[in-house]
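Have a look at the structure below, then the notes.
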Amino acid sequence: MTSFAEVLRPLSARLPLPQPARTRVLLEIAADLEDMYRHYRASGLSEEEARLKAVEAFDLSDEALAELVRVHTSFFRRLLDRLSSQAQSRWERGLLLIVAGTLSFVCVHLVLRGEVVAVAGTQVWPTLICGMAGLTLGLIKFYQIHIKQDHELRRARRWLDAIAILAGVQVILGFLVAWFSLYLTARRMAEDVEYAGVHLFNWLVSASALLSVSLMGALLTAMIWFALARRVAGIADAEAALLT
């Protein structure tokens, strides 16, 4: 990659963004400059002329930077940045590994036994599908980043946030389905008053199982996202250090 350090260093000081958002913006700008540089090189310009043209053509005005800051300070983006910046010390990382290991063991144990899933009934399937999608996507990203060693930053970040979204969706789906199931149970109780207690007890059992599956699945998916996000953040820091 072509060095644009003389552009990126002063630009870093102009960005009122915390880390890791500042690093992410600088790397995106560097990638755009590189694309523009290659375009001018393909047009027949020399290396120096292409560099100058790329810098001149790129919009680094205060308005453009303000728009970048607005995009990268959305509530969702700030939340993910704050979550991924946690667990800085060894003790925190160790505790996180213990929690992740325990949670994985409990999830695998429950899946192998199948009792909780069976008690939750067919209403648990939307949550399970989201959990399996998050796990599959996490395995794909793990293979890409750790085994294939594909550290091109844009590809490494692609679909990463979707894993965090799937974790949140599992929780939301669990509560929504449990609430809708309660509505149906209330109708049955009104129609069959004699066995109202039985219907309510059955709902409590199935809803508890459903929420247990959704919360554990969401936590496991969130752990996968967290580990991958930390690795991608490390890649971004290394690239930013080379650029500036």
Residues forming a side chain to side chain donor-acceptor pair (under 3.5 Å) with T127, sequence neighbours excluded: none
About how many Å separate [atom2] of [Y] and [atom1] of [X], when rounded to the nearest 0.5 Å?
| X | Y | atom1 | atom2 | result |
| --- | --- | --- | --- | --- |
| Q170 | M132 | CD | CE | 10.0 Å |
| L204 | L182 | CG | CG | 8.5 Å |
| C130 | I165 | SG | CD1 | 11.5 Å |
| K53 | S46 | NZ | OG | 11.5 Å |
| L210 | W125 | CG | CH2 | 13.0 Å |
| E191 | H199 | CD | NE2 | 8.5 Å |

According to a hydrophobic-cluster definition based on side-chain heavy atoms being under 4.5 Å apart (Ile, Leu, Val, Met, Phe, Trp, Tyr only), do [X] and [Y] belong together?
| X | Y | result |
| --- | --- | --- |
| L166 | M216 | no |
| L128 | L176 | no |
| I129 | V213 | yes |
| L139 | F226 | yes |
| I140 | I147 | no |

If you look at every heavy atom in [X] and [Y], which pair is closest and at what distance?
| X | Y | value |
| --- | --- | --- |
| Q144 | R155 | NE2-O, 3.0 Å |
| A190 | V193 | O-CG2, 3.7 Å |
| G138 | I224 | CA-CG2, 3.8 Å |
| L137 | W159 | CD2-O, 3.5 Å |
| A229 | L160 | CA-CD2, 3.9 Å |
| Q123 | P126 | O-CD, 3.4 Å |

Worked verdict on E49 versus Y40 for side-chain contact (heavy atoms from CB on, under 4.5 Å): CA-CA 8 Å; E49 288 174 333; Y40 286 121; over 6 Å; no
Report yes or no: does [X] contribute a side-chain atom to a donor-acceptor pair with the main-chain N or O of [Y] at less than 3.5 Å?
| X | Y | result |
| --- | --- | --- |
| S181 | A178 | no |
| R38 | A42 | no |
| K141 | A156 | yes |

Non-neighbouring partners of H146 that pass ring pair (Phe, Tyr, Trp, His ring centres under 6.0 Å), sequence neighbours left out: F142
Trace of the side-chain contact (heavy atoms from CB on, under 4.5 Å) decision for Y195 with R188: CA-CA 9 Å; Y195 291 97; R188 285 194 293 269; over 6 Å; no
Heavy-atom check, side chain of T221 versus side chain of I163, under 4.5 Å: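 The answer is yes, as the side chains (C-beta and beyond) meet within the 4.5 Å cut-off.
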Over 12 non-hydrogen atoms of neighbours within 6.0 angstrom of CH2 in W203: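 For W203, atom CH2 is crowded (more than 12 foreign heavy atoms under 6.0 Å).
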